Structure formats: C-alpha cells, structure tokens
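Have a look at the structure that comes next, please.
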Amino acid sequence: MRYQFLILLAFLLLIACNEKTNSDTTQQPTLADYQVGEKWVWKYKGVTTEGEVRSDGTDTREIVTMDGALGMTIGKDTIPVTEIVKADASETPKYDWPLEVGKKWKYENSWTSQDGTTGNQNQDAEVLSYKEETVDAGTFMAYTIKYTGKTTNSRGYNANEKEVWLYAPEVKNFIKLTQKQGDFLYVEELIEYSKPD
C-alpha cells in the first residue's frame, strides 16, 4: 500500500512540474533586480551575402551610480535604469510582458537616424520556446522569440527580415540575436555576464 502511495505521489509531482514548466511566465525586470557593478559584454558581426563585413566589435553595458541612482552605461551614454524598466505603453512593443511560450503580438518601430533618414519596422512576434541555451557567456534558460516582417526607410530601402532573439530572465537581457535583413546577416552574442557577489 505504501509503495503504491509513493508511486502516486511521484506521478502527481511529475504532473505538477510539467504544468509549471509549460506555464512559465516572466515579468519585466524591476529596478530592484539591478545592482551596481552588474556587467554585460556582447560580441557582434554583420556580413553581407557577398562577404563584406559591415560591423564587427563588442558592446559593453554596466550598472553604475548616477546622481545617487542606478544608471546603465550604453556606449558613451548613461541611461537611468528607471527608464529601462519603465512599462512600455505601446500597443506594438518589442517585448510584450509577461513573456510566455506561444504568445504572439505585433511589433512596430519608427526612427530617425542622425543624417535625417526615417525608417519603419513592422514585425510579427512569437515566443517559440523556453529552454536551456548555451552562448559564450554560459548556459541559461532563455525564451526564443522570432520576429518576421519588413524594414523600410525614406531612402527607398525595403527588405524582408527575420530576427531570432534569445532572452534570458537570469541576466535580464538577450543573450543572442540573429538577424537576416535582405542580403545582410547580423549576429550578436553575450560573451560575458557578471555581477557582484
């Protein structure tokens, strides 16, 4: 009798674990999730189908103290973390929180570059999976989010595109981006993540 009870208990626990895995959701990070000294480093490379390298380098971001508050260094700029964690009021956001497998939404983005060129991005987004993914920085549980659509600009550029982002809740950021836009392939991968003990 006791043996049968243990088997039943193990079976119920297995079902519960599976239900938890299948229903995993992740909320947007909050200010309390960041700490001074936290650091991310990505390597990136963009190459055309003809082999022309258009971008190749590294991107480093770090959490620092800025006027008594937390800031994130991005290039030569430092952005308040309160801006980074602010809820996106857009009906077509980059990330539609909370993230969960199977979720779909529309992403739209408009911009103006330094030379005055304007552009638009229109994509269909879908969360395909949540599983272990390995990059140079290590192995993390990550969501695979696929974006497919089109990018246009005021100079007549018009290209179909596909992006696959791997977002890891543990690092509060993407760990890999693979983007195919027209004849251009861009890959960015996290090579270092650290935070104070």
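Given the structure is predicted, the values throughout are model-derived calculations rather than measurements. Only this structure's heavy atoms are used, side chains among them; waters, hydrogens and symmetry mates stay out.
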What distance do K94 atom NZ and F174 atom CZ have between them, rounded to the nearest 0.5 Å?
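Here the rounded value is 9.5 Å.
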For the CG atom of D56 and the OH atom of Y186, what is their distance to the nearest 0.5 Å?
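Between atom CG of D56 and atom OH of Y186 there are 10.0 Å.
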Tell me the closest heavy-atom pair linking I84 and Q28, and the distance in Å.
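Minimum heavy-atom contact is O-NE2, 3.7 Å.
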I'd like to know if I191 and V171 are part of one continuous hydrophobic network [Ile/Leu/Val/Met/Phe/Trp/Tyr, side-chain heavy atoms within less than 4.5 Å].
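No; tracing contacts between hydrophobic side chains, which count when under 4.5 Å, never links both residues.
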Yes or no on side-chain contact (heavy atoms from CB on, under 4.5 Å) for L185 and V47, after CA distance, side-chain angles and deciding distance?
CA-CA 5 Å; L185 176 65; V47 185; 5.5 Å; no
P196 to G37 - nearest heavy-atom pair and separation
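Closest approach of P196 to G37, heavy atoms only: CD-C, 3.8 Å.
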For Y147 and Y107, take the angle between the two ring planes, folded into 0 to 90°, and tell me which bin it lands in: parallel under 30, tilted 30 to 60, perpendicular over 60.
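Taking Y107 first and then Y147, their aromatic rings stand perpendicular (interplane angle over 60°).
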What do you reckon, is CG of D67 surrounded by more than 12 foreign heavy atoms closer than 6.0 Å?
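Open: at most 12 neighbouring heavy atoms sit under 6.0 Å from CG of D67.
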Nearest heavy atoms of T92 and S90, plus distance in Å:
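Answer, listing the atom of T92 first, then S90: N-OG, 2.9 Å.
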Euclidean distance, E170 CD relative to M141 CE, rounded to 0.5 Å:
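Answer rounded to 0.5 Å: 10.5 Å.
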Single-linkage hydrophobic cluster V135~V41, side-chain heavy atoms < 4.5 angstrom:
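They do not share one cluster, since no chain of ILVMFWY contacts under 4.5 Å joins V135 to V41.
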How about L177 and E163: do any of their side-chain heavy atoms sit closer than 4.5 Å?
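They are in contact (side-chain heavy atoms under 4.5 Å apart), so the answer is yes.
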Just by distance, no angles: are the side chains of T112 and T118 close enough, under 3.5 Å, to form a donor-acceptor pair?
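No.
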Backbone N/O of E62 and side chain of T73: donor-acceptor pair under 3.5 Å:
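A pair under 3.5 Å: yes.
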Carefully, step by step, assess E50 and D183 under the rule side-chain contact (heavy atoms from CB on, under 4.5 Å).
CA-CA 8 Å; E50 296 181 352; D183 67 346; 5.9 Å; no
Could you pull out all donor-acceptor pairs under 3.5 Å where a side-chain atom in residues 76-83 meets a protein atom, sequence neighbours excluded?
{"unit_1": "E83", "atom_1": "OE1", "unit_2": "K86", "atom_2": "NZ", "d": "3.2"}
{"unit_1": "E83", "atom_1": "OE2", "unit_2": "K86", "atom_2": "NZ", "d": "3.2"}

With distance as the sole criterion, is a donor-acceptor pair present between the side chains of Q181 and Q121 under 3.5 Å?
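Per modelled atom types, Q181 and Q121 side chains form no pair under 3.5 Å.
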Search all heavy atoms of W105 against all heavy atoms of D96 and return the closest pair with its distance.
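Scanning both residues completely, I find the closest heavy atoms to be CD2-CB, 3.4 Å.
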Within this structure, what is the NZ-CD distance for the pair K150 and E161, rounded to the nearest 0.5 Å?
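So the gap between those two atoms works out to 9.0 Å.
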Atom of T26, atom of P169 and distance for their closest heavy-atom approach:
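Heavy atoms of T26 and P169 come nearest at OG1-CG, 3.6 Å.
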Could you check if a side-chain atom of I74 sits within less than 4.5 angstrom of a side-chain atom of M72, using non-hydrogen atoms only?
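The answer is yes, as the side chains (C-beta and beyond) meet within the 4.5 Å cut-off.
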Would you please name every residue forming a salt bridge (Lys or Arg N to Asp or Glu O under 4.0 Å) with D59, sequence neighbours left out?
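If we apply the salt bridge (Lys or Arg N to Asp or Glu O under 4.0 Å) test to D59, skipping adjacent residues, the hits are R61.
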Using a 4.5 Å cut-off on heavy atoms from C-beta on, say whether the side chain of K176 contacts that of E133.
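They are not in side-chain contact.
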Using the side-chain hydrogen bond (donor to acceptor under 3.5 Å, both in side chains) rule, collect all pairs that involve residues 33-45, keeping only residues at least two apart or in two chains.
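Of all non-adjacent pairs touching residues 33-45, those that pass side-chain hydrogen bond (donor to acceptor under 3.5 Å, both in side chains) are T30-D33, E38-K172, E38-Y193, K43-D136.
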Hey, quick one: are L99 and V101 part of the same hydrophobic cluster, counting side-chain heavy atoms closer than 4.5 Å, chains of contacts allowed?
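Result: yes, single cluster for both.
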When you look at T117 and S154, which way does the side chain to side chain donor-acceptor pair (under 3.5 Å) test go after all the steps?
CA-CA 6 Å; T117 302; S154 57; 4.7 Å; no
K106 and D124, any side-chain heavy atoms less than 4.5 Å apart:
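They are in contact (side-chain heavy atoms under 4.5 Å apart), so the answer is yes.
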side-chain contact (heavy atoms from CB on, under 4.5 Å) partners for T65, two or more places apart
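Here the qualifying residues are V36.
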Who are the salt bridge (Lys or Arg N to Asp or Glu O under 4.0 Å) partners of E188, not counting sequence neighbours?
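E188 satisfies salt bridge (Lys or Arg N to Asp or Glu O under 4.0 Å) with no residue once adjacent residues are dropped.
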How long is the span from the OG1 atom in T144 to the OH atom in Y167, to the nearest 0.5 Å?
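So the gap between those two atoms works out to 14.0 Å.
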Under the side-chain contact (heavy atoms from CB on, under 4.5 Å) test, residues paired with E91 that sit two or more places apart
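Once residues adjacent in sequence are excluded, E91 has no partner under the side-chain contact (heavy atoms from CB on, under 4.5 Å) criterion.
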For the residue pair N120 and S110, confirm or rule out a side-chain donor-acceptor distance under 3.5 Å.
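Yes.
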Measure from the ring center of W97 to the ring center of Y95 and say whether it is less than 6.0 Å.
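Yes; Y95 has its ring centre under 6.0 Å from that of W97.
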Joint hydrophobic cluster, F140 plus V187, side-chain heavy atoms closer than 4.5 Å:
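Per the 4.5 Å side-chain linkage, F140 and V187 are not co-clustered.
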Nearest-0.5 Å distance that lies between atom OG1 in T25 and atom NZ in K103:
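Between atom OG1 of T25 and atom NZ of K103 there are 9.0 Å.
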